Structures are given as C-alpha cells and as structure tokens.
Amino acid sequence: MRWDWADAYGGTKAALQALGIGVGEAFPGELGCHLRLRTKDPRGYDVKVTHWLKGLFLAVVSFPGWPESPSRDVSWSDPIEGVRRRANLWHDEYRGRAEALAAAGLVHIDHFPGKPGMRKVRVQVLPDGSVLGGPPTAVCPATRLPGARCVERASASTYRVSIVVSEVESERRIAEFDRRSREWLAEVESLPRPARLDRLRPVGSPPPHRPSECRKPAAVRRPLPAGWAVHTGGQAQEARHV
C-alpha cells in the first residue's frame with residue numbers, strides 16, 4: 001500500500017521480517033511488546049508496526065524530513081488559567097479540573113459527570129443550559145446546535161468540555177483545513193520518494209516471478225491419425241473418421 005505520507009506493508013510476522021522489518025524483535029501481542037512496535041527498516045527509516053487483521057500486522061514506514069499532514073485540531077493553547085483549549089472543525093474543546101472549567105464559565109459546577117442527578121460518564125448540556133435527560137442512549141438534535149456542550153471525564157482529575165460552534169465558523173474552519181491539505185499534498189508529491197522495500201532485491205538474488213512467467217505452456221496440437229479429418233459444424237469442432 002502506498003499512502004501520500006508513507007509506505008505501508010501488511011502481512012504476517014515472517015513476511016515483514018523477510019523485508020527486514022522487526023528482525024529479532026517481538027511483535028504486538030507477543031511477550032515484550034504491547035500495542036505497537038517502533039523500529040527501523042534496513043534503510044534506517046522509522047517504522048511503526050501494529051495489529052492489522054487476525055494473524056497479520058501493518059507496518060507503516062515514514063520518511064525523514066517529510067512534512068506532517070495537517071491536523072483537524074489546532075494545537076493546544078492556554079487562554080485561561082488552568083484550562084487548555086484547541087479548536088476542532090465542529091467544536092471547541094477545553095480541558096482542565098472541574099473548578100477551573102466552572103470558574104471560566106464553560107460549564108456549571110453541578111453539571112459534571114458523577115454529580116448528583118448527572119450521568120456517570122457523559123453529560124449533554126443543551127444550548128439553553130438545560131441538561132439532556134432520559135437514558136444514556138437518548139438522541140436529541142439540539143445537542144448538535146451551536147452552544148451545546150458535552151462534558152465528560154478526560155482523566156482521573158480532569159474533564160473535557162466540547163462546545164459546538166456555529167455553522168458559519170465550522171465552514172470557515174473546514175475551508176481552511178482543505179486549503180492546508182491541498183498545499184501539503186502538492187508539497188509531498190513534489191518530493192523524491194524512496195523505492196518500496198518489496199521492490200528492492202539484494203545483489204545476486206534471483207528476479208521475482210512474474211505472472212507471465214508462470215503461465216502453463218501452450219498445448220501442442222498433435223496430428224490426427226491417418227484417415228481422420230476435422231469437421232466444423234457451427235461453432236463446435238469435432239474429429240470423425242472418414
């Protein structure tokens with residue numbers, strides 16, 4: 001597989017090690033390796049190996065010096081003491097302790113998950129300030145309106161508050177993201193791309209088999225016995241004695 005920003009190789013552990021990836025190392029799920037393996041390929045490029053399908057792994061090779069793809073999220077900033085903020089395409093995300101988030105006016109102190117009368121995992125606050133009730137699976141279109149808030153726990157001591165932005169602001173952010181993505185793609189396509197590992201062969205190794213080389217040889221037509229002739233009838237051909 002070839003991605004815009006990297007090359008990817010999928011296969012078994014043995015297949016990837018045959019390419020020189022993770023030789024002598026434990027793969028994800030094995031003793032000594034957790035969710036991913038970070039290693040180098042034979043050329044020295046960074047490789048990240050993760051689970052792909054049952055019994056298969058995905059190795060992603062990134063190239064040094066290549067620009068990173070634009071993110072949908074803006075980098076974190078600290079506009080308010082004790083509160084971090086970043087902008088997404090559809091909402092603004094804030095993180096901090098409950099006291100800091102409440103002091104900044106982002107959410108009422110009684111609307112955090114686990115508070116009396118609140119859900120334990122996630123609390124949906126509608127634009128008018130009311131809390132969405134009903135079962136946890138309840139769906140309400142108002143939760144997607146500008147000003148709606150989603151409050152959920154981010155860690156043992158901090159919370160995350162996501163506030164939906166207006167449709168005009170969301171469209172502006174999407175247009176800006178598309179512009180940066182096009183510029184990034186044009187820059188990446190202009191860079192020289194290293195040859196893939198599965199197309200490189202050590203000196204002296206036999207060439208890879210091609211499908212055309214593996215075809216069965218054409219059948220050799222044997223002459224008919226004496227006294228026989230080929231009779232053509234319609235689209236079928238048959239041999240009969242004459």
Side-chain angles (χ1 to χ4, degrees), residues 1-77 84-91 93 95 154 160 170-220:
M1 291 175 285
R2 175 177 174 176
W3 297 341
D4 293 330
W5 65 94
D7 282 343
Y9 306 85
T12 63
K13 177 180 179 179
L16 293 179
Q17 288 182 333
L19 296 176
I21 297 175
V23 178
E25 299 184 78
F27 272 49
E30 298 179 343
L31 184 63
C33 183
H34 298 290
L35 297 179
R36 61 182 60 86
L37 165 66
R38 295 186 182 275
T39 183
K40 300 281 187 180
D41 75 356
R43 302 164 297 182
Y45 296 156
D46 291 331
V47 183
K48 182 174 68 174
V49 182
T50 57
H51 273 295
W52 187 28
L53 300 172
K54 184 177 181 180
L56 301 177
F57 301 91
L58 182 66
V60 179
V61 181
S62 56
F63 307 123
W66 279 38
E68 294 185 2
S69 60
S71 172
R72 296 185 177 187
D73 299 318
V74 177
S75 301
W76 288 100
S77 61
R84 306 193 70 193
R85 174 189 178 275
R86 68 176 177 180
N88 190 279
L89 297 182
W90 304 279
H91 62 262
E93 181 181 345
R95 291 194 184 188
R160 175 172 50 246
S170 178
E171 291 177 351
R172 185 195 68 80
R173 295 180 183 184
I174 292 174
E176 173 64 16
F177 172 74
D178 290 342
R179 182 191 64 79
R180 291 187 289 114
S181 297
R182 289 192 300 269
E183 293 178 351
W184 168 81
L185 183 59
E187 181 179 1
V188 166
E189 290 179 342
S190 67
L191 296 174
R193 193 181 191 98
R196 288 179 55 85
L197 287 173
D198 46 11
R199 295 177 183 172
L200 299 177
R201 291 189 294 113
V203 177
S205 62
H209 292 290
R210 296 186 177 89
S212 60
E213 298 173 351
C214 301
R215 293 175 181 171
K216 301 173 75 172
V220 177

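What you are looking at is a predicted structure, and each value in this text was computed from that prediction instead of being measured.
The side-chain heavy atoms of V188 and P67, taken from C-beta on, include a pair separated by under 4.5 Å. Under the 4.5 Å side-chain criterion, counting only non-hydrogen atoms from C-beta, V60 is in contact with W3. Side chains of F27 and C33 form no contact here, defined as non-hydrogen atoms less than 4.5 Å apart.
The CD atom of E171 sits 12.5 Å away from the CH2 atom of W90 when rounded to the nearest 0.5 Å. In this structure, the separation between CD on E25 and CD on Q17 is 8.5 Å, given to the nearest 0.5 Å. Separation of atoms CD (E93) and CZ (R86) is listed at 4.5 Å; rounding is to 0.5 Å. A distance of 14.0 Å separates CG in L56 from NZ in K13, rounded to the nearest 0.5 Å. The CG atom of L58 lies 8.5 Å from the CG atom of L16; values are rounded to the nearest 0.5 Å. Atom-to-atom distance recorded for L89:CG and R172:CZ is 10.5 Å, nearest 0.5 angstrom.
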Quiz item: Passes side-chain contact (heavy atoms from CB on, under 4.5 Å), K40 versus Y45? Steps please.
Solution: CA-CA 5 Å; K40 300 281 187 180; Y45 296 156; over 6 Å; no
Exercise. Start with the C-alpha distance between E187 and E183, add both sets of side-chain angles, then the distance that settles side-chain contact (heavy atoms from CB on, under 4.5 Å), and finish with yes or no.
Key: CA-CA 6 Å; E187 181 179 1; E183 293 178 351; over 6 Å; no
Exercise. Show the numbers, then the answer: is there a side-chain contact (heavy atoms from CB on, under 4.5 Å) between D46 and V61?
Key: CA-CA 6 Å; D46 291 331; V61 181; over 6 Å; no
Exercise. Begin from the C-alpha positions of R173 and E176 and carry the test salt bridge (charged side-chain N to carboxylate O under 4.0 Å, His left out) through to its verdict.
Key: CA-CA 5 Å; R173 295 180 183 184; E176 173 64 16; over 6 Å; no
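Side-chain atoms of Y9 come within 3.5 Å of backbone atoms of L197 as a donor-acceptor pair (strictly under, hydrogens ignored). Checking side-chain atoms of R193 against main-chain N and O of A6 turns up a donor-acceptor pair under 3.5 Å. Under a 3.5 Å cut-off, the side chain of W66 and the backbone N or O of W5 do not form any donor-acceptor pair.
Of all non-hydrogen atoms in P28 and L35, the two that sit nearest each other are CB-O, 3.6 Å. Nearest approach of V47 to D41, heavy atoms of both residues: CG2-N, 3.6 Å. Between R196 and A8, the shortest heavy-atom distance links the atoms NH2-O, 3.4 Å. Between V49 and A59 the shortest heavy-atom distance is CG2-CB, 4.0 Å. Taking each heavy atom of F177 and P70 in turn, the nearest pair found is CE1-O, 3.5 Å. Listed here is the closest heavy atom pair of I21 and T39: CG2-CG2, 4.4 Å.
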